[in-house]
Amino acid sequence: MNQIHAKGKPGLLALSDEERSEDENRTTPTNRQELLSTPKQDKYKLARILAKKAIKEKKIFTICGSYPVVRAILRKKGWVEKRLPLRSGLQDGTADQSYSCHENAWKNGKVSQQCEKIDDIHDLMSRMVKNEEASLFWTVRKDAINCHDLHCDQMLNHFAKTGSFTTKIGLCLNLRNLPWYAQANPHTFFPRCYGICMEDEKQDFIEDFRNTAASGILKWVVNLNAGSGVAQKAEEKSSTTDVHPEKGSECYNETKVKQLPGKLVDMACLVCETYLEQRQHKDIDRIDCSSILSEDNWNELLNHYYSLVHEGAVICNAYSYVSQCQAILSKIMSANPQQAIDGNRNIWIIKPGAKSRGRDIVCKDRLDDILRLVEVTGRSSVKENEWVAQKYIETPLLIYNTKFDIRQWFLVTDWNPLTIWFYKESYLRFSTQHFSLDDLDSSIHLCNNSIQKHYQNASNRHILLPCHNMWSSTKFQEYLEKKGHGTVWQNLICPSMKKAIVYTMKMAQESVEPRKNSFELYGADFILGQDFKPWLIEINTSPTMFPSTPVTEELCTQVQEDTIKVVLNSKKMGKNKDTGKFELLWKEAPLDLPPFTVTDLLIEGVGIKKTAQKATPFVNVDFIASRITQDMTKNSSTNYQKREESMVELE
């Protein structure tokens, strides 16, 4: 290490061994803060002592991005920051922001005050360790540091190749393979999803949309008999009942409500029965299941469905189909675990496959609008074409008529053996408007704070909802207790979220690069159904730690501190090691992996070229000719002798 001189003071290496030993012994963690706060203490000498100690204990870290909490916690534990050069090549420029403790969001907080007191001495120590290797890298972007360039004992807060579950398109396509890794059905916790950027996926989505529309028609008929739902609204809209039970098939035209033919229910029943055959694998001998209806009939069914569900039309003689529709829906309910969240509006949420923070996400309920949205025309990059269509949960659990979702943190510290830590605290994010399926605006249906911060809270919003639109999970449990559901969090919601996380990680275990000494904190988003069952929506890498509200200011600070506790204490043995509010969710036995994968197979060698070899020419042609003549003569005499012998036998 180079010697550093300032104002005539000796360099770090100029101290004698006895002086260094004495200073290091005096500078214990208990009195370090006293030294820092003592004005008479020589800060340059102190900086040399602390830097030397950090080098010896390999406590040098590098941060790319705005992580004042992580920086303050590591400094408190005796770590010294090795700062990267300004504009170090990061595309988002986060390196420029990582050197200052005075971020606007933290300027009034305790972290900023601590940084202001000791910022100068940490600047000195950072210069002293500039030629040393960092032992810990903490970055926003996983491509800021190439993990392959690190030594095995250097720590990094990211894993490579996690796109199988951290991107929407990856989670959509890969979670279907879960039955190969665990005895679980992904449709029980992940709303069905299609990568409609691919032709075969798009056709599967179209089929699903049509089937969902057909079941929606059956639900309309059943709701009509129950006197609720859309049918009831249609009846209230008309001055007289569209169908009279005693009149059988009569359909009154005295109202302005659009009348739809009864054959629409027949078509919907046929589609649903065929869907059930597919689920039960009874269609194995059928060549094309989509041929049950022609393309014109499909368009007719969808147009009538839109009129029925979205425009308030009614079906003539609908009461005569009630029992048939109830029987079919009952079978669908047992065959489709997502029937409860489908509703009957056929709403789908369309997302770009690799974007975050709710960007470009929209809700659509018409097939043509969805297909038109994801057309690739005018999009230059491949990622811009990676759209997914996920079934929207039309029956979410509401709090004071407002939609919300749950951000749940979990930490992975190893992939072999798979080691997952579950955070005991989470938080709820509310939308700013009352929930309604009649309006598909993002302010109603997308709870992401990056979206909701651009809207004002509704004027008729319930007074008990927070103005900053966030609750802690503790506050939510108090709410459930008051509503008479005090045990649902511990008995249903939390265990179900844990299962969904474990299943997803087991699915991704084979595709992630399992680098030792790496770790990563993830943020999983869940939405609760009306039965309190959580549904996994997506998993985010580098979840935001910005203290946007009092809730996140407290929890985000806490989860970062506890993450460091788990990571730095991971090598300590025993059950009493401090892991904060992280609990060990899953740790399996190490897998005996083969020394190579299929993609590693190769053949080395030199190719052999076949050359056209010419036949060796005959030199003595006369000799060959004589031999041929002798053979022919011998064969002729032999054949003549055989004929003579055969004649004698005949005589």
Item to complete: Locate the shortest heavy-atom distance separating Ala389 from Ile350; write the atom from each residue and the value.
Response: CB-CD1, 3.8 Å
Fill in: Qualifying salt bridge (charged side-chain N to carboxylate O under 4.0 Å, His left out) pairs with a residue from residues 474-501, counting only residues at least two apart or across chains
Lys498-Glu583
Item to complete: List the atom of Pro337, the atom of Thr188, and the distance in Å for their closest heavy-atom pair.
Response: CB-CG2, 4.2 Å
Worksheet item: Once you round to the nearest 0.5 Å, how far does CD1 of Ile539 lie from OG1 of Thr162?
Response: 10.0 Å
Fill in: Distance, nearest 0.5 Å, that separates SG of Cys272 from CG of Asn211
7.0 Å
Discussion item. Looking only at side-chain N and O atoms, does Asn317 offer a donor or acceptor that is under 3.5 Å from a partner on Ser320?
Written reply: yes
Worksheet item: Any side-chain donor paired with an acceptor under 3.5 Å for Ser294 and Asp296?
Response: no
Fill in: Atom pair CG (Leu528) and CD1 (Ile341), whose distance is rounded to the nearest 0.5 Å
12.5 Å
Fill in: Pair Glu520-Lys142, side chain to side chain contact (heavy atoms under 4.5 Å, CB included): steps then yes or no
CA-CA 10 Å; Glu520 191 155 11; Lys142 63 177 55 184; 4.0 Å; yes
Worksheet item: Between the side chain of Asn336 and the main-chain N/O of Ile332, is any donor-acceptor distance below 3.5 Å?
Response: no
Discussion item. Whether the side chain of Asn303 engages the backbone of Asn299 through a donor-acceptor N/O pair (distance < 3.5 Å, no angle test) should be reported.
Written reply: yes
Worksheet item: In terms of side-chain geometry, is the basic nitrogen of Arg210 or Glu295 positioned less than 4.0 Å from the acidic oxygen of its partner?
Response: yes
Worksheet item: Is there side-chain contact between Asp369 and Leu373, with at least one heavy-atom pair below 4.5 Å?
Response: no
Worksheet item: Looking at residues at least two apart in the chain, or sitting in another chain, which of them share a salt bridge (Lys or Arg N to Asp or Glu O under 4.0 Å) with Lys161?
Response: none
Discussion item. Tell me every residue that passes side-chain hydrogen bond (donor to acceptor under 3.5 Å, both in side chains) with Trp409, counting only those two or more places apart in sequence or in another chain.
Written reply: none
Worksheet entry | Expected output: side-chain Asn401 to main-chain His434 donor-acceptor under 3.5 Å | no
Worksheet item: Relative to each other, are the rings of Tyr479 and Tyr400 parallel, tilted or perpendicular (30° and 60° limits)?
Response: perpendicular
Discussion item. Is there a side-chain contact between Val559 and Leu411 in this structure, where contact means two heavy atoms from C-beta onward sitting under 4.5 Å apart?
Written reply: no
Discussion item. Are Lys506 and Glu588 packed together at the side-chain level, in the sense that at least one heavy-atom pair is separated by less than 4.5 angstrom?
Written reply: yes
Worksheet entry | Side-chain heavy-atom pair Asp365, His310 within 4.5 angstrom cut-off | yes
Worksheet, complete the sentence: Here the gap from Asn448 atom CG to Ser442 atom OG, rounded to the nearest 0.5 Å, amounts to 10.5 Å
Discussion item. For the residue pair Asn469 / Asn457, report whether a side-chain donor-acceptor contact shorter than 3.5 Å exists.
Written reply: yes
Worksheet entry | Nearest heavy atoms of Ala182 and Tyr503, plus distance in Å | CB-CD2, 4.0 Å
Worksheet item: Are Thr549 and Trp471 side-chain neighbours, meaning at least one heavy-atom pair lies under 4.5 Å?
Response: no
Worksheet item: Counting only heavy atoms not in Glu510, do more than 12 fall under 6.0 Å of its CD?
Response: no
Worksheet item: Using a distance-only test with no angle check, is there a side-chain donor-acceptor pair under 3.5 angstrom linking Thr541 and Thr166?
Response: no
Worksheet entry | Salt-bridge contact Asp368-Arg366 (side-chain N to carboxylate O under 4.0 Å) | no
Worksheet item: Passes side-chain hydrogen bond (donor to acceptor under 3.5 Å, both in side chains), Gln338 versus Arg192? Steps please.
Response: CA-CA 8 Å; Gln338 299 190 8; Arg192 58 193 185 277; 3.1 Å; yes
Worksheet entry | Heavy-atom closest contact (Cys269 atom, Cys325 atom, distance) | SG-SG, 4.3 Å
Fill in: Plane angle bin for Trp415 and Phe165 - parallel if under 30°, tilted between 30 and 60°, otherwise perpendicular
tilted
Worksheet item: Does Trp489 offer a backbone N or O that forms a donor-acceptor pair with the side chain of Gln477 under 3.5 Å?
Response: no
Practice prompt. Apply side chain to side chain contact (heavy atoms under 4.5 Å, CB included) to the pair Val265 and Gln324, showing each step before the final yes or no.
Written response: CA-CA 10 Å; Val265 183; Gln324 180 182 3; 5.7 Å; no
Fill in: Backbone N/O of Cys193 and side chain of Arg176: donor-acceptor pair under 3.5 Å
yes
Worksheet item: Are the side chain of Ser426 and the backbone of Ser473 linked by a donor-acceptor contact shorter than 3.5 Å?
Response: no
Practice prompt. Any chance you could measure Leu446, atom CG, to Ile451, atom CD1, to the nearest 0.5 Å?
Written response: 6.0 Å
Worksheet item: Is Arg345 salt-bridged to Glu394, going by a charged N under 4.0 Å from an acidic O?
Response: no
Worksheet, complete the sentence: Here the gap from Glu554 atom CD to Cys556 atom SG, rounded to the nearest 0.5 Å, amounts to 10.5 Å
Practice prompt. Report yes if some heavy atom in the side chain of Phe430 is under 4.5 Å from a heavy atom in the side chain of Cys447; otherwise report no.
Written response: no
Fill in: Nearest atoms (heavy-atom pairs only) where Leu555 meets Ser472
CD1-CB, 4.3 Å
Worksheet item: Any side-chain donor-acceptor pair under 3.5 Å between Thr212 and Lys391?
Response: no
Worksheet item: Would a 4.5 Å heavy-atom cut-off, applied to side chains only, mark Phe422 and Cys494 as touching?
Response: yes
Practice prompt. Assess the pair Phe205 and Trp348: is the distance between their ring centroids shorter than 6.0 Å?
Written response: yes
Fill in: Closest contact, heavy atoms only, Leu329 versus Ser215
CD2-O, 4.1 Å
Worksheet item: Hey, would you say the Phe410 and Tyr522 ring centroids sit under 6.0 Å apart?
Response: yes
Practice prompt. Tell me whether the centres of the aromatic rings in Phe476 and Phe404 are closer together than 6.0 Å.
Written response: yes
Discussion item. Check the orientation of His445 and Tyr392. Use parallel for under 30°, tilted for 30 to 60°, and perpendicular for over 60°.
Written reply: perpendicular
Discussion item. Assess the residue pair Arg141 and Asp143 against the criterion (salt bridge (Lys or Arg N to Asp or Glu O under 4.0 Å)); give the C-alpha distance rounded to whole Å, side-chain angles, the decisive distance to 0.1 Å, and a yes or no.
Written reply: CA-CA 5 Å; Arg141 299 170 58 96; Asp143 58 353; 3.0 Å; yes
Discussion item. Is the shortest side-chain heavy-atom distance between Ile399 and Leu464 below 4.5 Å?
Written reply: no
Worksheet item: Does Gln452 reach the main-chain N or O of Thr432 with its side chain, forming a donor-acceptor pair under 3.5 Å?
Response: yes
Discussion item. When you measure from the side chain of Glu538 to the backbone of Leu536, do you find a donor-acceptor pair of N or O atoms at a distance under 3.5 Å?
Written reply: no
Worksheet item: Given Glu199 and Gln203, is the side-chain hydrogen bond (donor to acceptor under 3.5 Å, both in side chains) satisfied, shown in steps?
Response: CA-CA 6 Å; Glu199 187 61 31; Gln203 294 303 320; 3.0 Å; yes
Discussion item. So does Gly343 get a backbone contact from the side chain of Lys219, meaning a donor-acceptor N/O pair under 3.5 Å?
Written reply: yes
Worksheet item: Do any N or O atoms from the side chain of Tyr321 and from the backbone of Gly262 form a donor-acceptor pair under 3.5 angstrom?
Response: yes
Discussion item. Are more than 12 heavy atoms, taken from residues, nucleotides or ligands other than Lys202, located less than 6.0 Å from that residue's NZ atom?
Written reply: no
